Amino acid sequence: MQETLLCLRIGHFLPYSMSDSNITYFTNPSTFILLGIPGLEAAHVWISIPFCAMYILVILGNFTILFTVKMELSLHEPMYYFLCMLAVTDLVISTSTLQKMLSIFWFNSREISFSACLIQMYFVHSFSAMESGILVAMAFDRYVAICHPLRHSTILKNSVVAKIGLAVMLQRGILTLPYPLLVRQWPYCRTNIIPNFYCGHMAVVKLACTDIRISSYYGLFNLFSEIGVDVDITVSYTLILRAIFRLHTKDARLKTFGTCISHLCAISALYIPVFFFSLTHRFGHNVPRNFLVVIVNVYLVVPPMLHPIIYGVRTKQIRDRLLQLFTHKET
């Protein structure tokens, strides 16, 4: 699990190897060249169709969640405030990567300026880390709701929810800031070709012609801080399950566990691609690089698409609000 997160979050999933014929020597690049999915250039247009459809679902689904929570007073609770934060992070992550990916697929627009590359790097890595932090906050909300139900409203007041959200944003935003700042300092004298569809941290750092151990070590430090956050989810659900199994009746246990289903599905949507990549990375020694790029696409696109669907299906208030909107339009 730790090795997998290292691959996905820091960018080690694509070890750089280009032939000498592709190497261009220069001091600092004004642009980078994103290859998209190497080896599948002829199929880029066809590959773009499902990803475009998923991006449309991401936009519609997450904006629907934001609108519904804003309009439905019964959803003005900590869990749904955190859900809105998750929707925002999903929108930023998918927009930061998919717009450029689709422009590569449709218009062969492979160039990205050095500054735009650094901005994309920062947004992808910082908001991916924020997503984990928000899932931890949602796990804490479920823990308080199940283990201390009478104190839930006093522990998780609106001001506390806002402070948690701000803390997650500032912590991950500040910890990710050295990524582009360090990358900007390195001299580049190799190639400006990135065999991917976005500017991952280590994918860019590996193009530098200097000692990059500072970037590598800081990436490892940031990784372990994220893993520590992810462990909090396991701790929260260990305590939740212990509280559930202490309930006297089976119906009470099922009803209580049912309040966690949506959140567990959201966690699964995020981490199942991670485990799948882990198995592929560990046992699929002959797996081609373009397949690994597709898996990374899935990791960045599928969770933002599934999160609003999961909560829309599992939350009665959201379903009812959407039905009201559609029936109102019909009348």
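All heavy atoms count here, side chains included; hydrogens, waters and symmetry mates do not. We count residues from 1, following the sequence as given. Since the model is a prediction, treat every value here as computed from it, not as a measurement.
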Value for CG (N62) from SG (C84), rounded to nearest 0.5 Å, stands at 10.0 Å

Spacing of OH belonging to Y179 relative to CG belonging to L118, to within rounding of 0.5 Å: 14.0 Å

same_hphob_cluster(M101, F107) at 4.5 Å side-chain heavy-atom cutoff: yes

For the hydrophobic clusters of this structure (ILVMFWY residues joined by side-chain heavy atoms under 4.5 Å, transitively), does one cluster hold both F67 and L60? no

Does any non-hydrogen side-chain atom of R184 lie less than 4.5 Å from one of S115? yes

Decide side chain to side chain contact (heavy atoms under 4.5 Å, CB included) for L91 and F63; before the verdict, give the C-alpha distance in whole Å, the side-chain angles of both, and the deciding distance to 0.1 Å. CA-CA 9 Å; L91 286 167; F63 272 112; 4.1 Å; yes

Ignoring hydrogens and geometry, is there a side-chain-to-backbone donor-acceptor pair from S216 to R213 under 3.5 Å? no

Interatomic spacing from CZ in R110 to CD1 in I194 - rounded to 0.5 Å: 13.0 Å

Is there side-chain contact between V160 and I155, with at least one heavy-atom pair below 4.5 Å? no

Is the shortest side-chain heavy-atom distance between V204 and Y188 below 4.5 Å? yes

Under 4.5 Å between side-chain heavy atoms, counting indirect links through other Ile/Leu/Val/Met/Phe/Trp/Tyr residues: same cluster for L73 and Y80 or not? no

Less than 4.5 Å apart, any side-chain heavy atom of F140 and any of V136? no

Can you check whether E131 reaches R172 side chain to side chain, under 4.5 Å on heavy atoms? no

Below 30° counts as parallel, above 60° as perpendicular, anything between as tilted: where do the rings of F114 and F32 land? tilted

I214, CD1: over 12 other non-hydrogen atoms inside 6.0 angstrom: no

Answer yes or no: is there a donor N or O on one side and an acceptor on the other, between the side chain of Y122 and the main chain of G173, under 3.5 Å? yes

To the closest 0.5 Å, what do you measure between CE (M138) and OH (Y311)? 3.0 Å

Could you pull out the closest heavy-atom pair between L156 and P78, with the gap in Å? O-CG, 3.4 Å

Nearest heavy atoms of T210 and P187, plus distance in Å: CG2-CD, 3.7 Å

Does V45 share a hydrophobic cluster with F105, counting links as ILVMFWY side-chain heavy atoms below 4.5 Å and allowing steps through other members? no

Are the side chain of T89 and the backbone N or O of L86 linked by a donor-acceptor pair below 3.5 Å? yes

Measuring only between side-chain heavy atoms, which start at C-beta, is L66 closer than 4.5 Å to V88? yes

Of all the heavy-atom pairs spanning I104 and G36, show the shortest one and how long it is. CG2-CA, 4.2 Å

Side chains of Y55 and T95 only: does a donor on one sit below 3.5 Å from an acceptor on the other? yes

Take V144 and R151, measure what side chain to side chain contact (heavy atoms under 4.5 Å, CB included) needs, and give me the verdict at the end. CA-CA 8 Å; V144 175; R151 299 174 56 198; 5.6 Å; no

Ignoring hydrogens, what is the shortest heavy-atom contact between S96 and V124? Give both atom names and the distance. CB-CG2, 3.9 Å

Could you go through the side chain to side chain contact (heavy atoms under 4.5 Å, CB included) check for L34 and F197 one step at a time? CA-CA 5 Å; L34 300 171; F197 62 93; 5.8 Å; no

Considering all heavy atoms, the nearest T97-Q120 contact: CA-NE2, 4.2 Å

When rounded to the nearest 0.5 Å, the distance separating CD1 of I134 from CD1 of I164 is 11.0 Å

Report, as yes or no, whether the 6.0 Å neighbourhood of atom CD on E111 holds more than 12 heavy atoms from other residues, nucleotides or ligands. no

State, to 0.1 Å, how close A87 and I65 come at their nearest heavy-atom pair, and which atoms those are. CB-CG2, 4.5 Å

Shared ILVMFWY cluster between V205 and F221, side chains joined below 4.5 angstrom? yes

Pairwise side-chain contact, L207 with N192, heavy-atom cut-off 4.5 Å (strictly under): no

For F123, is the CZ atom crowded, meaning more than 12 foreign heavy atoms sit under 6.0 Å from it? no

Heavy-atom distance under 4.5 Å between the side chains of D141 and H152, does that happen here? yes

Are S126 and M169 close enough, and set up right, to give a side chain to side chain contact (heavy atoms under 4.5 Å, CB included), and what steps lead you there? CA-CA 8 Å; S126 62; M169 182 180 68; over 6 Å; no

State the OG-CG distance between S215 and L220, to the nearest 0.5 angstrom. 11.0 Å

Answer yes or no: is there a donor N or O on one side and an acceptor on the other, between the side chain of D90 and the main chain of V58, under 3.5 Å? no

